[in-house]
Amino acid sequence: QLAWWSELRTPLTWGQIAVVDDAANSHRPDDTVPNPDQADYWNGPEGQHWVEHEARFDGMLEPFVAPILDAAGAGPGVRLLDVGCGNGALTRAAAARGADATGLDISAPMVERARAHAAADGLAVEFLEADAQGHRFSGGFDAVVSRFGVMFFGDPTAAFANLTRALEPGGRLAFACWQEQAANEWVVVPALAMLPIVGPPDVGPPDAPGPFAFADRDRVEGILAGAGFSDIGVESVELPLLLGGGLSLDETVSWLSQGGMGKRFLGDADGPTTERALAAVREALAPHVTPDGVRLGSAVWLVTATRG
């Protein structure tokens with residue numbers, strides 16, 4: 001059983017862990033933002049980590065771009081909002097299809113990077129720094145999309161109800177979220193390698209904000225129905241991923257050790273224990289090395305819905 005991995009207490013990703021209530025990281029443009037811990041978290045070291053390592057994250061998650069945009073019907077003239085847009089890869093891909101794309105994220109460092117990319121590419125794309133749960137939308141969008149950016153809301157039903165206000169009647173919602181950790185080989189293989197050496201990390205409520213918060217498809221359907229969406233579909237998509245976007249074996253082990261999983265497992269370990277755990281990870285990943293990098297399986301939900 002790997003329930004401890006999906007039950008993440010803090011808003012944790014596979015990037016660097018940050019202390020969400022560190023006053024030095026405070027970035028709250030409005031004291032009434034619904035998710036102040038998220039604002040602090042993504043505007044601190046974590047947001048900068050994603051900026052610095054964007055090629056690795058975007059390379060790893062690139063296989064999900066086309067399925068999401070296809071499900072949303074992204075194409076010429078479609079007014080599209082990308083929620084939790086990060087550094088803007090999905091937003092720019094939508095714009096490249098001819099969509100009138102807007103990206104929204106709570107992280108100032110990533111929004112700044114996204115704007116720089118769009119300007120360099122000559123794309124007329126708008127990026128907003130805002131909390132999607134509380135931003136005052138007034139319609140205008142034909143589609144709302146997200147690539148692993150909607151599992152971090154403090155009140156997901158309220159957040160998705162707010163997103164209905166971004167959509168025109170009949171507008172389309174399409175997003176990807178992780179299935180349970182046990183179905184994701186990219187999590188299971190390194191985690192099981194470390195587990196006998198360092199033991200399991202602490203756990204929290206299974207529905208706490210975090211990457212696996214939407215692992216339960218029934219919960220996702222209930223949230224969207226409660227928010228006012230209809231025609232809800234939850235499709236299983238299983239695609240292989242290149243850890244870190246295509247790194248060597250040693251680079252992959254190093255990348256994992258510096259990310260959320262490594263920090264979670266190894267945070268309290270001494271030097272020799274850490275070395276043994278990472279050696280075990282390397283041994284476990286070795287059979288999955290390909291000419292393109294370390295390739296492991298993934299399982300996500302491709303979720304679609306319509307605003308009534």
Side-chain angles (χ1 to χ4, degrees), residues 1-6 8 12-18 45-67 86-87 89-90 110 113 147-148 176-202 210-212 215 237-300:
Q1 296 293 325
L2 293 177
W4 40 264
W5 184 248
S6 63
L8 297 176
L12 175 70
T13 69
W14 49 91
Q16 180 181 16
I17 287 180
E46 181 68 0
Q48 193 58 45
H49 181 79
W50 274 71
V51 169
E52 293 172 357
H53 297 276
E54 66 171 317
R56 295 183 175 185
F57 288 115
D58 285 341
M60 178 174 170
L61 301 179
E62 191 279 333
F64 302 106
V65 169
N87 295 311
L90 183 65
M110 288 194 278
R113 176 59 61 91
R147 187 183 68 174
F148 306 109
C177 59
W178 299 110
Q179 294 185 30
E180 63 177 345
Q181 78 292 345
N184 279 277
E185 190 180 33
W186 68 271
V187 174
V188 172
V189 171
L192 286 182
M194 289 186 283
L195 185 61
I197 300 170
V198 297
D202 292 336
F212 295 96
V237 175
E238 300 178 11
L239 294 171
L241 301 181
L242 287 171
L243 288 187
L247 305 174
S248 70
L249 177 57
D250 288 333
E251 288 172 333
T252 299
V253 173
S254 176
W255 184 68
L256 289 174
S257 73
Q258 298 168 18
M261 183 186 300
K263 297 290 186 181
R264 195 63 143 174
F265 275 90
L266 304 174
D268 296 327
D270 59 25
T273 302
T274 296
E275 290 182 9
R276 287 195 296 116
L278 294 181
V281 170
R282 189 183 193 282
E283 182 178 0
L285 293 179
H288 303 279
V289 173
T290 74
D292 298 320
V294 180
R295 193 181 298 274
L296 290 166
S298 74
V300 310

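Counting from 1, the numbers follow the sequence of the chain as shown. Basis for what follows: all heavy atoms, side chains included, without hydrogens, waters or symmetry-related copies.
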Take Leu241 and Leu296 through the test side-chain contact (heavy atoms from CB on, under 4.5 Å) and record every step on the way to the result.
-> CA-CA 5 Å; Leu241 301 181; Leu296 290 166; 5.9 Å; no
How far apart are the C-alpha atoms of Met261 and Val187, what are their side-chain angles, what is the distance that settles it, and do they pass the side-chain contact (heavy atoms from CB on, under 4.5 Å) test?
-> CA-CA 8 Å; Met261 183 186 300; Val187 174; 4.0 Å; yes
Residues Trp178, Trp186; criterion side-chain contact (heavy atoms from CB on, under 4.5 Å); working and verdict = CA-CA 11 Å; Trp178 299 110; Trp186 68 271; 3.4 Å; yes
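Separation of atoms CE (Met194) and CZ (Arg264) is listed at 12.0 Å; rounding is to 0.5 Å. A distance of 5.0 Å separates CE of Met60 from CH2 of Trp255, quoted to the nearest 0.5 Å. Between atom CZ of residue Arg295 and atom OG1 of residue Thr290 there is a gap of 4.5 Å, rounded to the nearest 0.5 Å. In this structure, Leu61 CG and Arg56 CZ are separated by 14.0 Å, a value rounded to the nearest 0.5 Å. Going from atom OG1 of Thr273 over to atom CD1 of Ile197 covers 8.5 Å, rounded to the nearest 0.5 Å.
Remark: side-chain polar atoms of Asn184 are not paired, donor with acceptor, to backbone N or O of Gly297 under 3.5 angstrom. Within the 3.5 Å criterion, the main-chain N or O of Leu239 finds a donor-acceptor partner in the side chain of Ser298.
Closest of all the heavy-atom pairs between Ala299 and Ala183 is CB-O, 3.5 Å. Contact between Leu285 and Pro190 at its shortest, heavy atoms only, is CD2-CD, 4.5 Å. Of all the heavy atoms in Gln179 and Phe212, the pair that sits closest is O-CD2, 3.0 Å. Residues Pro200 and Leu195 approach most closely at N-CD1, 3.4 Å, considering heavy atoms. Residues Pro63 and Pro240 approach most closely at CG-O, 4.2 Å, considering heavy atoms.
Two residues are said to be in side-chain contact when any heavy atoms from C-beta on lie closer than 4.5 Å; Val289 and Thr252 fail this criterion. Here the side chains of Val294 and Leu247 are not in contact, with every heavy-atom distance at 4.5 Å or above. Taking 4.5 Å as the limit, every side-chain heavy atom of Gln48 sits out of range of all side-chain heavy atoms of Met110. Looking at Arg147 and Asp58, their side chains come closer than 4.5 Å, going by heavy atoms from C-beta outward.
Between Phe57 and His53, the ring planes are perpendicular. Angles over 60° get that label, and only those under 30° would be called parallel.
Annotation: side chain to side chain donor-acceptor pair (under 3.5 Å) contacts of Arg282 (sequence neighbours excluded): Asp250. Taking the side chain to side chain contact (heavy atoms under 4.5 Å, CB included) definition, one finds that Glu275 meets it with nothing, sequence neighbours left out. Shown here are the salt bridge (Lys or Arg N to Asp or Glu O under 4.0 Å) partners of Glu54, two or more places apart in sequence or in another chain: Arg113. With sequence neighbours excluded, the residues satisfying side chain to side chain contact (heavy atoms under 4.5 Å, CB included) with Thr274 are Leu266, Ala269, Leu278. Applying the side chain to side chain donor-acceptor pair (under 3.5 Å) rule to Glu251 yields the partners Ser248; only residues at least two apart in sequence or on another chain are considered. With sequence neighbours excluded, no residue forms a ring pair (Phe, Tyr, Trp, His ring centres under 6.0 Å) with His288.
Asp270 and Arg276 are not joined by a salt bridge, as no carboxylate oxygen comes within less than 4.0 angstrom of a charged side-chain nitrogen.
A 6.0 Å sphere centred on CD of Glu283 holds no more than 12 heavy atoms belonging to other residues, nucleotides or ligands.
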